[in-house]
There are 2 protein chains.
Amino acid sequence: MRWDSLEQEQCSVARTVAVIGDRWSLLILRDCFLRVRRFEEFQSRLGVTRHILADRLKKLVRFGVLRRAPYQVNPTRHEYILTQKGLDLYPVVMAIVHWGDTHMVDERGRPLLHEHKRCGKMFDPVLVCSECGEPIVAKEVHVHAGPGAAEGAAEGLAAREAARAK
Amino acid sequence: MRWDSLEQEQCSVARTVAVIGDRWSLLILRDCFLRVRRFEEFQSRLGVTRHILADRLKKLVRFGVLRRAPYQVNPTRHEYILTQKGLDLYPVVMAIVHWGDTHMVDERGRPLLHEHKRCGKMFDPVLVCSECGEPIVAKEVHVHAGPGAAEGAAEGLAAREAARAK
DNA sequence: TTCAATGGTTCTATTTAGGAACCTTTTGGT
DNA sequence: ACCAAAAGGTTCCTAAATAGAACCATTGAA
């Protein structure tokens, strides 16, 4: 499967993976949320080759996750800044951080702590239901075909649910 | 950077990316949460080559995200089932789905809807603070070095914060 | 005049992925 | 007894992506 066919899939995961589903894009985004903005700083922090960094930054700009803004002229220099679409990836990044903190840390413990300025406390991110506010676990979620579902998708889901139930 | 050096980084994002940071692993996980369990079914749904699928399933088992359980003998056949560590990736997958639903859908709308069995309503996932329960946005979070921080990491953060403030 | 800083691009060698064929075990049909 | 099919891979060869290093352009400072 080509990368460019990924973004044409009907699945929201596949389309998001087309944007952030490679090794470097997610690490670049992590750094963006840590206020990194310039080519050289990404490059030295990440250890990625300049070639690939240039390519990924272009891709993130093309998808509207970052915008390239000049911060000086003579010579013109740009920095890469999160758009609102990019800022909206924060839950994804935080969910990844939290899973890593929970399941992948070594004996020294987590590398970063997060303070919620609003309440002043160190926190963990929790995913809750927009309707009832309770934390969401996989087993309490039921999937339905939506308006953009592919033909046959609903049937496939139903068949698998039935098979599992019997 | 090799994949195997990624999982040795001190950053939780980098370590998580070592597990799920490629095109296929995330799509395999999506299917796991849709109750897909068998090699052939992953293969036909994803369109991934059998070679790569075998490799990714092995990797996910090695990291403890999936376990390989026999479901018949003569001949022995296995299926791949999410462990608790794997189930804990649900917030990551849901955050990705939600971002895709918000920013990457075409005119037909989102492909799947999610019902929270507990409250019976269709919902969106929301990331909230574990301490005060308010939704988390990037600008209201302040980062501190944790016990597992690399030498110099705190200084780097402080320098960037200072540069941004002036 | 030459150097350094920033932000890239270009080159080749390696690694990874894609595509197709093949293998193994066992059941089921003829 | 023989052949095909199903499930779950493995092996092979080719194509694409990545790493690593060198190079280029613009400008200001020494």
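Throughout, a chain's letter reflects where its sequence line sits, starting with A, and its residues are numbered from 1. The structure displayed is predicted, hence computed values, not measured ones.
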Residues which pass ring-ring contact (aromatic ring centres under 6.0 Å, His included) with B:Phe42, listed by chain and number, not counting sequence neighbours
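Residues passing ring-ring contact (aromatic ring centres under 6.0 Å, His included) with B:Phe42: none at all.
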Measure from the side chain of B:Arg23, starting at C-beta and using heavy atoms only, and say which of C:dA17, D:dA19, C:dT9 lies closest.
C:dA17
If you check every side-chain atom of A:Ile52, which of D:dG9, D:dT18, C:dG7 has the closest atom?
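So the nucleotide nearest the side chain must be D:dT18.
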Measuring to OP1 and OP2 of [N], would you say a side-chain N or O of [X] lies under 4.0 angstrom away?
X: A:Lys58; N: C:dT9; answer: yes
X: A:Tyr80; N: C:dG8; answer: yes
X: B:Trp24; N: C:dT16; answer: no

Pairs of donor and acceptor atoms involving the side chains of residues 126-139 of chain B, under 3.5 Å and at least two apart or interchain, shall be tabulated with distances.
{"from": "B:Ser130", "atom 1": "OG", "to": "A:Asp124", "atom 2": "N", "distance (Å)": "2.8"}
{"from": "B:Ser130", "atom 1": "OG", "to": "A:Asp124", "atom 2": "O", "distance (Å)": "3.1"}
{"from": "B:Glu134", "atom 1": "OE1", "to": "A:Arg118", "atom 2": "NH1", "distance (Å)": "3.3"}

Whole angstrom is fine here: how far is it from CD in A:Glu40 over to P in C:dT9?
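Distance, rounded to whole Å: 13 Å.
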Between C1' of C:dT9 and CD of A:Gln43, the distance in whole Å
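So the two atoms are 14 Å apart, to the nearest Å.
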A:Asp88: salt bridge (charged side-chain N to carboxylate O under 4.0 Å, His left out) partners, not counting sequence neighbours:
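By the salt bridge (charged side-chain N to carboxylate O under 4.0 Å, His left out) rule, A:Asp88 matches no residue at all.
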Sugar-phosphate, base or nothing in reach of B:His51, heavy atoms under 4.0 Å
base
For the residue pair B:Pro111 and A:Ser12, what are the closest heavy atoms and their distance?
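Here B:Pro111 and A:Ser12 meet closest at CD-OG, 3.7 Å.
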What pairs of residues pass the ring pair (Phe, Tyr, Trp, His ring centres under 6.0 Å) test when at least one of them lies in residues 87-118 of chain B, not counting sequence neighbours?
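For residues 87-118 of chain B: B:Phe33-B:Tyr90, B:Trp99-B:His103, B:His116-B:Phe123.
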Please, which pairs that meet ring pair (Phe, Tyr, Trp, His ring centres under 6.0 Å) have at least one residue in residues 48-80 of chain A, sequence neighbours excluded?
none
Short N/O separations, protein against nucleotides 23-30 of chain D, under 3.5 angstrom:
{"from": "D:dT27", "atom 1": "O3'", "to": "A:Asn74", "atom 2": "O", "distance (Å)": "3.4"}

